Amino acid sequence: SDSNLGDVVFYQKKVLRHEIVHAFLFESGMAENSKRSEAWAMNEEMVDWLAFQGPKLILAWHEAGAL
């Protein structure tokens, strides 16, 4: 059904945002420089938070003229 397709698209976007946050943290050296697997830059909850809040941050920065 269409609702299942929507759920798949939503999930794909969620996972993609999450993995992109990981990529940015690794690219900037934040993960490696933390030296611990439990450090914030490696923490899955922190990555999820950034991935979830990202669209809202972009909108807020745009509305504030901060981009």
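Keep in mind it's a predicted model, so treat the numbers as computed, not measured.
- In this view, E27 satisfies the side chain to side chain contact (heavy atoms under 4.5 Å, CB included) rule with no residue, not counting sequence neighbours.
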Side-chain donor/acceptor pairs under 3.5 Å, residues 46-55, sequence neighbours excluded:
unit_1	atom_1	unit_2	atom_2	d
D48	OD1	H18	ND1	2.5
Q53	OE1	K56	NZ	3.2

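- Atom CD of E44 sits in a crowded spot, with more than 12 heavy atoms from other residues, nucleotides or ligands closer than 6.0 Å.
- Listed by chain and residue number, nothing satisfies the side-chain hydrogen bond (donor to acceptor under 3.5 Å, both in side chains) test with E19 (two or more places apart in sequence, or in another chain).
- Summarising the hydrophobic clusters (Ile, Leu, Val, Met, Phe, Trp, Tyr; side-chain heavy atoms under 4.5 Å, direct or chained), the residues clustered with I20 are L16, F24.
- Pairs engaging residues 57-67 under the side chain to side chain donor-acceptor pair (under 3.5 Å) rule: none recorded [sequence neighbours left out].
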